[in-house]
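Worksheet: the structure to be examined is printed underneath.
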Amino acid sequence: MNLLELVEHAGIVGCGGAGFPTHVKLKGNFEYLIVNGAECEPLLRTDRYLMRHKAKELIETVQTLKVELGIPRAVFALKGHYRLEVEALRAAIQELNAQVEIKELESFYPAGDEQTIVYEVTGRVVPPAGLPSMVGAVVDNVATIYCIYQALRDRPFIWKYLTVTGEVKTPSVLKVPVGTSYAECIELAGGALCGDFFVISGGPMMGKPLTRDQAMESYVTKTTSGILVLPKDGYHDNQNQISIKTMINRAKSACIQCTQCTQLCPRHLLGHPLRPHAIMRKMAAFGMDYDFLTEDTVIREALLCCECGICETYACPMGLQPRKINSMLKKELGARRIRYERSGEDFEASSERECRKVPSKRAAARVGVLKYYDYEIDNFIEKEPKEVVISLRMNIGAPSKPIVKVGQMVLQGDLIACIPPDALGANIHASISGMVTEVSDVIRIEKELA
C-alpha cells in the first residue's frame with residue numbers, strides 16, 4: 001500500500017477538530033504542509049507533550065509526507081513560548097537533516113484555528129467557507145501526524161492521547177484505547193476534587209459542555225482532545241443552562257450594537273464578511289422566525305463562524321452569546337441544506353488584525369479557568385480498560401459500517417467497521433481484544449476475564 005492507502009486503512013481522522021478523514025485531506029497538490037502545534041485551546045497539553053517526547057517521530061513523519069506527496073514546504077507552527085517543544089523539534093530536525101521549517105507564533109487565541117494558522121504561515125487568506133487547499137496549503141495537527149507515524153508502521157488508530165485537567169487530583173496526559181469511558185479517564189487523573197462537577201469535552205473555549213451524568217455516560221472518540229473537570233455552578237455550567245429563547249430576549253433588551261463582537265472576530269479580521277453584531281440585530285428584531293431568517297443574507301453569514309467564542313466570552317460588554325446564536329443558526333441552515341455562496345473574490349486581512357489579537361491567558365481568565373492555565377502537565381498514564389464503547393460516528397461524512405456481530409471475538413487492531421461504499425468516512429478497528437457485546441450506533445467490546 002502507498003502512504004495514503006496506509007492512512008486510509010488505519011482509519012485516521014483529524015484529531016483536533018471535526019474529524020475529517022485524513023486520507024482524503026491529503027489528496028491534492030499543495031505548496032505547504034503545515035503542522036498545527038499551536039494547541040488552540042487554553043489548558044490542553046496533549047500536543048505539547050507529544051512535541052516534547054515524540055519530536056523525532058513527528059519530524060520523521062513530516063519529512064516523509066513532504067517527500068512522498070511532493071509538497072515543497074513543510075512548516076511546523078507552534079507558539080514561541082513553547083521553549084522545550086521548540087528545542088526538541090529543532091534537535092530532531094538537525095539529527096534527521098530534515099527539510100522542515102519552524103514557525104514560532106505569538107501566544108494568542110485562536111492561533112490554532114486552521115484558517116488563522118494558514119494566514120500566519122503563508123500570508124494567504126483562505127476564502128470564506130473555503131478550505132486551506134484553495135490557497136495551496138494542507139493542515140494537520142500534531143496528534144494526527146503522530147497517528148500517521150503509527151500508520152506507516154501498519155498500526156491502526158486505536159489509541160488516543162488526551163489531556164485530563166481542571167478539578168482533578170493529578171492533571172495528566174493519558175494514552176487510552178478509543179472507547180474508554182470518561183469516568184475511567186477522570187479516575188486515572190486521580191479523580192475529581194469535588195463531589196458534583198461539570199465537564200467540558202475539549203477545551204474551555206470551544207468544548208462541548210456536559211453535566212456530570214452526561215460525562216459519566218460518555219466515551220473517548222478519535223476526536224476527543226481533552227476532558228476538563230470544573231466545579232458545578234461555575235461559568236460554563238451557568239452559561240450552558242441559558243436557553244436560545246433567553247439568549248434572543250437578552251439580545252432584544254441588552255445588545256447595544258457596539259460592534260465589539262465583530263471587531264474582535266478572528267474570521268472578520270481575516271477579511272471574511274462575518275458580522276456577529278448584525279446577526280444579533282436581526283435575531284433581536286425577528287426572534288425565532290426561522291422561515292424568514294434563513295432567507296436573509298446577513299443570517300447566512302453565521303455559516304462562516306468558527307465558533308471560537310471570542311465574541312461572547314471576551315468581546316461582548318453585555319454578556320450576550322453571539323457564538324451560540326451562530327451555532328444554532330448553522331444547524332438550522334444546514335438542516336435546510338443552505339450553504340454559503342462564495343463570491344470568488346480575493347480577501348485581505350484587516351490592517352488592525354495584529355493589535356486585536358486576544359492573548360490566550362486573558363481569554364482563559366474570562367471563562368474562569370485561569371487557575372489551571374499555568375499547569376505544567378508532564379504526568380503520563382497509559383491504561384487499557386476492561387470495556388470500550390466505540391462510536392460509529394467519529395468523523396465528518398457517513399458513519400462507519402459495522403462488519404462484526406454480537407458474540408464475535410476480536411483482537412486488538414482488527415477491522416470492526418469500514419467506510420461505506422462511495423462515501424466519505426473512516427475505518428474503525430478494535431481498540432482492545434475481547435468479545436463484541438453490542439452492535440448499534442456503537443460497538444461495545446468486553447475483555448475476557450481469566
Side-chain angles (χ1 to χ4, degrees), residues 1-16 19-27 33 35 46-47 49-51 53-71 74 92 95-96 98 100 138 140-162 174-180 220-224 380 382-385 388 390-392 394-395 397 400-404 408-421 423-434 436 443 445 447:
M1 290 189 282
N2 63 29
L3 186 149
L4 293 182
E5 289 170 338
L6 286 169
V7 170
E8 178 179 0
H9 176 72
I12 299 174
V13 302
C15 293
F20 196 90
T22 303
H23 68 280
V24 177
K25 191 174 191 178
L26 290 173
K27 290 178 181 176
L33 168 62
V35 182
T46 310
D47 286 352
Y49 179 89
L50 290 171
M51 287 186 284
H53 297 281
K54 305 291 183 182
K56 186 175 179 180
E57 292 91 332
L58 293 169
I59 294 300
E60 179 183 328
T61 305
V62 174
Q63 178 69 9
T64 299
L65 288 169
K66 179 180 184 295
V67 173
E68 292 292 323
L69 301 180
I71 304 175
E95 179 182 348
L96 297 171
V100 179
V138 61
D140 278 313
N141 81 342
V142 168
T144 308
I145 294 295
Y146 189 68
C147 286
I148 296 173
Y149 171 82
Q150 298 291 344
L152 294 176
R153 285 146 186 82
D154 203 25
R155 300 167 191 161
F157 185 177
I158 58 174
W159 290 92
K160 182 65 184 179
Y161 288 81
L162 68 149
L174 308 184
K175 179 186 177 184
V176 294
V178 171
T180 302
V220 171
T221 70
K222 292 180 180 181
T223 60
T224 304
F380 177 73
E382 180 178 341
K383 184 69 181 292
E384 189 173 298
V388 292
I390 304 173
S391 172
L392 295 176
M394 295 190 286
N395 56 268
S400 304
K401 182 179 179 180
I403 58 171
V404 292
Q408 183 175 336
M409 299 298 299
V410 294
L411 296 176
Q412 187 177 61
D414 283 353
L415 185 67
I416 58 174
C418 61
I419 304 170
L424 178 67
N427 291 327
I428 297 175
H429 302 76
S431 57
I432 63 172
S433 298
V436 176
I443 295 177
I445 303 172
K447 276 187 176 181

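Since this is a predicted model, take the numbers as computed values, not measurements. Hydrogens, waters and symmetry mates play no part in the numbers below; they use all other heavy atoms, side chains included. For this chain, numbers begin at 1 and follow the sequence in order.
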Could you list the residues that satisfy side-chain hydrogen bond (donor to acceptor under 3.5 Å, both in side chains) with N395, not counting sequence neighbours?
none
With sequence neighbours excluded, residues passing ring-ring contact (aromatic ring centres under 6.0 Å, His included) with Y146
Y149, Y161
Quick one: list whatever passes side chain to side chain contact (heavy atoms under 4.5 Å, CB included) with A417, sequence neighbours left out.
L392, S400, I428, I443
Salt bridge (charged side-chain N to carboxylate O under 4.0 Å, His left out) with K54: which residues, sequence neighbours excluded?
none
Would you please name every residue forming a side-chain hydrogen bond (donor to acceptor under 3.5 Å, both in side chains) with Q412, sequence neighbours left out?
E384
By salt bridge (charged side-chain N to carboxylate O under 4.0 Å, His left out), which residues pair with E8, not counting sequence neighbours?
none
List the residues meeting side-chain hydrogen bond (donor to acceptor under 3.5 Å, both in side chains) with T224, not counting sequence neighbours, and say none if there are none.
T221
Would you please name every residue forming a side chain to side chain contact (heavy atoms under 4.5 Å, CB included) with I403, sequence neighbours left out?
L415, C418
Under the ring-ring contact (aromatic ring centres under 6.0 Å, His included) test, residues paired with H429 that sit two or more places apart
H9
All side chain to side chain contact (heavy atoms under 4.5 Å, CB included) counterparts of A143, not counting sequence neighbours
C15, D47, L50, N141
Under the rule for side-chain hydrogen bond (donor to acceptor under 3.5 Å, both in side chains), what residues qualify as partners of T180, not counting sequence neighbours?
none
Working to the nearest 0.5 Å, report the span between OG1 of T64 and CD1 of I148.
10.0 Å
Tell me, please, which residues at least two apart from E95 pass salt bridge (charged side-chain N to carboxylate O under 4.0 Å, His left out).
K56
